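Here the structure is laid out as structure tokens; the discussion comes afterwards.
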2 protein chains.
Amino acid sequence: MSSTPDESTPDKYPLRSVGRALDVLEALGAGDSKGMGVGEIAAAIGVSRSTAFTLLQTMVARGFVADTRVGNGRLYRLGLALVHLGDRAVAEMGITQIATPILQQLTDATKLTSRLAVLDDGHAVAIGRVDAPGPFRMMSSLGRRELPHCSSVGKALLARLPQDEVKAILKRLGMPRRTEHTLTTPAALIEELKVIAERGYSLDNEEDNIGVLCVGAAIYDRNSAAVAAISVTTMKRADEDVHRLGAIVRAHADRISLLLGGPAHAALPSPR
Amino acid sequence: MSSTPDESTPDKYPLRSVGRALDVLEALGAGDSKGMGVGEIAAAIGVSRSTAFTLLQTMVARGFVADTRVGNGRLYRLGLALVHLGDRAVAEMGITQIATPILQQLTDATKLTSRLAVLDDGHAVAIGRVDAPGPFRMMSSLGRRELPHCSSVGKALLARLPQDEVKAILKRLGMPRRTEHTLTTPAALIEELKVIAERGYSLDNEEDNIGVLCVGAAIYDRNSAAVAAISVTTMKRADEDVHRLGAIVRAHADRISLLLGGPAHAALPSPR
DNA sequence: AACTATGTTCTGCATAACAGAACGCAAGAA
DNA sequence: TTCTTGCGTTCTGTTATGCAGAACATAGTT
């Protein structure tokens, strides 16, 4: 399965029309505008207009895509059926319900946007969020796959994985440079992961966006596996502040771990 | 288009495999358990195991479905790609960003769970939510289609629609009795909609669930169209409390309307 | 060790899904 | 007005695609 030799056709999935339907959804999700026309979608996913139309019709009938007449044309956008499924997908990961109240407390204590994330196929994916109060608000989207090497939650989770798994993930996803502070070699990152595993919190210090600092900490279940991580996002600030934040984030992560029946970071069985 | 006479084959969509793929997602979303097996899914949507398997494989490859090995078998559940799409679907309705802070204020002021909803194909659909503080929490899911005749947000929105449109929706969706307090005739509901349009807030007074009371109010855009509604959910309580709540909810809805460039309820141009 | 209940692969046929062309419609230009 | 352009939508023939059922594999059970 994992040793499939031919990777020449990575976009060929068993069911072509289903794959294309998913392409449509992703195209609509990636669309920066507030809706796309049939032709636009057809071009985006590389099919004829009639094919795109049939796909859209099917999904409109089911509420996965919504359409609006506008003048002559028609604009398609993501339907509300997806809201339900997304909500359920998050709910099915039991962590969310338990973590959200603590996340709220973390945001109350720090006045910062806090997030809950898991590792999905090596990527860091946010599945919960509590926005900071006030008008200044970081744009943070749920469910988007983020590269783990330049994200605080990603690093917090990688720090608890066996070293060869980390290497495999980094090799598969790559470590593209996002800013001048991004760690771009496995060796450098693995070195930092050791510090993180020891200290109990991770940093993204302008490694993904200049001026943006994130502080993360892992959450452990009853098997002491790091099943999720939380983080807060803020502007770059002084080191002493950062360490104070780290302690706060770690403390809140610990409280979630305890609710899950897992150990706090200080009580972890295996040092790595 | 809207007068399609033949409704004999409501389950026949142009693309069979795509329809079935959506069936799979809905089955997984409706699944009460924490995952389903291939056979279980096949039975749920009425296809052979091999067909279900192929469908699942396609969607797993794209992250729309997640799978976990468990002993011999394998459990499938909704994938995190849906979280992103659901989040985007909500974000594309610009109201959410504007309304959420006010929703938070409403919850702070009332200590109750508050929700933001729109009308989708006649149904009331929640697209935003702020949970009440404390351990007592109403179970409220996002994106699920709810019947408008027994929901406070549904009624708040229907109250601003032309009467024939209301009748059409009620006829199409029906008005099933949910509790002994449910209004089950169009005439009775339309009578109450007049009161709601006048008063500026709507009630669901144990009409959907015994013991549960919701108070809703509509939000108006710059064209004075009711584009959304908000509500709070609470336990049944005394009438004077209810009216006090109504005023609070209406005031918060008005503040959202003003942010959208629309009129407050008291400043509405056409009385109905 | 046989048995059962899973998930997975294989195979051949019917039909469903595709592309391209034709059509309808509305808005803007001449 | 009339022509033109750009949409969305419908039609139609051909192809290969997706389907069911059976065969295979694997792990837990008696």
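Chain letters run A, B, ... following the sequence lines, proteins first and then strands; every chain starts at 1. These numbers were taken from a predicted model, which means no experiment stands behind them.
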Rounded to the nearest Å, what distance is computed from the CG atom of residue B:Leu15 to the P atom of nucleotide D:dT17? 14 Å
Taking only side-chain N and O atoms of B:Arg20, does any of them lie within less than 4.0 angstrom of OP1 or OP2 on D:dA20? yes
Does either side chain, that of A:Ser17 or that of B:Ser17, offer a donor lying less than 3.5 Å from an acceptor on the other one? yes
Would you say the side chain of A:Ser48 and the base of C:dG20 hold a donor-acceptor pair, judged only by whether the two atoms sit under 3.5 Å apart? no
Provide, to the nearest angstrom, the distance between the CG atom belonging to A:Leu75 and the C1' atom belonging to D:dC7. 11 Å
Rounding to a whole Å, what distance do you find between B:Phe53:CZ and D:dT26:P? 14 Å
Should the pair A:Glu146-A:Arg144 be classified as a salt bridge under the 4.0 Å nitrogen-to-oxygen rule? yes
Is any side-chain N of the basic residue among B:Asp87 and A:Arg129 closer than 4.0 Å to the acidic one's carboxylate O? yes
hbond_proxy A:Arg16 side chain to D:dG18 base (donor-acceptor, 3.5 Å cutoff): no
Can you identify which nucleotide, out of D:dT9, C:dC18, D:dA20, has its nearest atom closest to the A:Ser17 side chain? C:dC18
Atom CG of B:Leu55 and atom P of D:dT17: how far apart are they, to the nearest Å? 16 Å
Identify which nucleotide among D:dG8, C:dA19, D:dT10 has an atom closest to any side-chain atom of A:Gln57, counting heavy atoms from C-beta outward. D:dT10
Testing B:Arg74, B:Gln57, B:Arg77 one by one against B:Asp67 for a side chain to side chain donor-acceptor pair (under 3.5 Å), which residue passes? B:Arg74
Starting at the 5' end of DNA chain D and moving along, which residue's nearest nucleotide shows up first, B:Gly46 or A:Gly39? A:Gly39
If you measure only the distance, is there a donor-acceptor pair under 3.5 Å linking the side chains of B:Thr54 and B:Thr51? no
Nearest of D:dA20, D:dT10, C:dT8 to any side-chain atom of B:Tyr76? C:dT8
Integer-rounded Å distance: D:dC7 P and A:Ile41 CD1: 13 Å
Rounded to whole Å, CD of B:Glu40 lies from P of C:dG7 at a distance of 9 Å
Nearest-nucleotide pick for B:Val38, side chain only, options being D:dA22, C:dA19, C:dG7: C:dG7
Between P of D:dC19 and CG of B:Leu56, the distance in whole Å: 12 Å
Rounded to whole Å, the CZ-C1' distance (A:Arg49 to C:dA21) equals 10 Å
Need one value for A:Arg69: base, sugar-phosphate or nothing, where a base atom within 4.0 Å counts as base even if backbone is also close, heavy atoms only. nothing
